[in-house]
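To start, the structure under review is shown below, and the notes come after it.
From a predicted model like this one, the values you see are computed outputs, not experimental measurements. Per chain, numbering begins at 1; letters A, B, ... match sequence-line order.
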Protein chains: 2
Amino acid sequence: MSVEHDDLCSVQCIHEEKVAATIELMPSEDITQALAHIFKTLSDNSRIKILFALKHNELCVCDLAAVTGSSESSVSHHLRLLRADKLVKYRREGKVVYYSLADEHVEKIFEQGLGHVTE
Amino acid sequence: MSVEHDDLCSVQCIHEEKVAATIELMPSEDITQALAHIFKTLSDNSRIKILFALKHNELCVCDLAAVTGSSESSVSHHLRLLRADKLVKYRREGKVVYYSLADEHVEKIFEQGLGHVTE
DNA sequence: TCAACATTTGAACAACTGTTCATATGTTGA
DNA sequence: TCAACATATGAACAGTTGTTCAAATGTTGA
């Protein structure tokens with residue numbers, strides 16, 4: 001009764017000024033969610049492989065399945081997510097759809113990621 | 001019987017040379033997995049907020065809970081993942097543990113990510 | 001028009017993830 | 001030593017995700 005969980009307990013060790021100042025500098029919820037979302041799209045091994053495969057060539061779904069060692073259906077599902085986040089673009093040539101990287105951002109993000117991984 | 005799924009069907013549209021050349025240029029499984037792993041760690045909104053909060057100050061778990069609006073337990077679980085990937089470091093001062101960014105890689109990765117998001 | 005094929009889509013399932021709650025660990029000051 | 005507190009940890013639960021299988025689109029050449 002005397003010690004409620006939200007009123008006292010969790011306020012005891014807080015550095016108020018620092019917290020207030022930090023909150024001021026925080027980006028909006030929209031931005032943090034957008035960042036989390038793009039990293040989520042990049043957080044799957046199959047999708048990483050697809051993006052690496054597209055680094056030098058445009059490739060069709062069949063090719064990507066062969067390169068990454070997954071089924072065409074699986075690749076297609078992944079490509080849908082990559083398309084939704086504008087990480088890849090595509091063009092149709094007859095029955096075949098060729099995918100390629102949307103821009104060079106992906107490669108730069110990868111470089112930074114690799115920089116952290118291999119340090 | 002005549003048309004087996006792995007023998008013929010999925011080999012029909014493949015551009016063999018391009019596929020072979022692309023496979024040559026692919027990074028190792030270890031590398032793609034490591035990349036996927038680091039992006040997975042960055043793919044959660046709470047963890048993104050924690051890292052942004054640590055951009056200017058070192059902060060204790062309580063502070064981080066207040067800034068991010070989550071429970072201390074939740075923050076602590078997230079910090080464990082961030083520690084495991086060497087994205088944050090920490091120092092103990094009495095009962096309080098202060099966390100800070102491990103290096104400037106995180107910020108650079110964020111910059112690239114934001115570049116893609118806000119374009 | 002039709003068969004063949006490349007791709008996409010949807011449902012279903014197991015595996016994984018984030019949060020909460022309860023409990024444990026460490027640290028301080030009395 | 002002990003209570004108080006900051007943090008960490010483990011189990012459990014709902015929600016999400018990646019894959020597979022089956023079926024549906026497009027698209028071409030006959």
Handout entry: A:Ser74 side-chain N/O to D:dG18 phosphate OP1/OP2 under 4.0 Å
Key =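 No, no such contact exists.
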Problem - A:Ser73 side-chain N/O to C:dT9 phosphate OP1/OP2 under 4.0 Å - result: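 No, no such contact exists.
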Handout entry: Atom CZ of A:Arg80: over 12 foreign heavy atoms under 6.0 Å
Key = no
Can you tell me how far [atom2] of [N] sits from [atom1] of [X], to the nearest Å?
{"X": "B:His15", "N": "C:dC5", "atom1": "NE2", "atom2": "P", "answer": "16 Å"}
{"X": "A:Leu79", "N": "D:dG18", "atom1": "CG", "atom2": "C1'", "answer": "14 Å"}
{"X": "B:Glu72", "N": "C:dT19", "atom1": "CD", "atom2": "C1'", "answer": "14 Å"}
{"X": "A:His77", "N": "D:dA24", "atom1": "NE2", "atom2": "C1'", "answer": "12 Å"}
{"X": "B:Leu64", "N": "D:dA8", "atom1": "CG", "atom2": "P", "answer": "10 Å"}
{"X": "A:Leu81", "N": "D:dT16", "atom1": "CG", "atom2": "C1'", "answer": "12 Å"}
{"X": "A:Arg80", "N": "D:dT17", "atom1": "CZ", "atom2": "C1'", "answer": "13 Å"}
{"X": "A:Lys40", "N": "D:dG15", "atom1": "NZ", "atom2": "P", "answer": "15 Å"}

Practice task
Take the angle between the ring planes of B:Phe39 and A:Phe39 and call it parallel below 30°, perpendicular above 60°, tilted in between.
Solution key: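 Rings of B:Phe39 and A:Phe39: parallel, under 30°.
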Problem - Check: A:Lys18 side chain, B:Asn57 main-chain N or O, donor-acceptor pair, under 3.5 Å - result: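 Checked: no pair found.
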Handout entry: Side-chain donor/acceptor of B:Asp85 to backbone N/O of B:Leu87, under 3.5 Å
Key =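 A pair under 3.5 Å: no.
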Handout entry: Closest to side chain of A:Arg83, choosing from D:dT20, D:dT7, C:dT9
Key =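 The answer is C:dT9.
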Completion exercise
Picking from D:dT7, D:dG18, C:dT9, the nucleotide nearest the side-chain atoms of B:Val61 would be D:dT7
Problem - DNA chain C contacts among residues 88-103 of chain B, heavy-atom distance under 4.0 Å - result: B:Arg92, B:Gly94, B:Lys95
Exercise for the section: Please determine, by modelled atom types, if B:Arg92 and B:Tyr98 share a side-chain donor-acceptor pair under 3.5 angstrom. Expected result: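 No, because no side-chain N or O of B:Arg92 sits under 3.5 Å from a partner of the opposite role on B:Tyr98.
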Exercise for the section: Report yes or no: do A:Thr68 and A:Ser70 form a side-chain donor-acceptor pair below 3.5 Å? Expected result: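 Side chains of A:Thr68 and A:Ser70: pair found under 3.5 Å.
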Exercise for the section: Would you mind classifying the nucleic acid contact of A:Ser70 as base, sugar-phosphate or nothing, using non-hydrogen atoms under 4.0 angstrom? Expected result: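 No contact at all - A:Ser70 keeps every heavy atom at 4.0 Å or more from the nucleic acid.
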Exercise for the section: Please give the nucleotide sitting opposite C:dA30 as a Watson-Crick or G-U wobble pair, both distances under 3.5 Å, or none. Expected result: D:dT1
Practice task
Flag the pair B:Arg91 and B:Glu93 as a salt bridge only when some basic side-chain nitrogen lies within less than 4.0 angstrom of an acidic carboxylate oxygen.
Solution key: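 A salt bridge is present here (some side-chain N lies under 4.0 Å from a carboxylate O).
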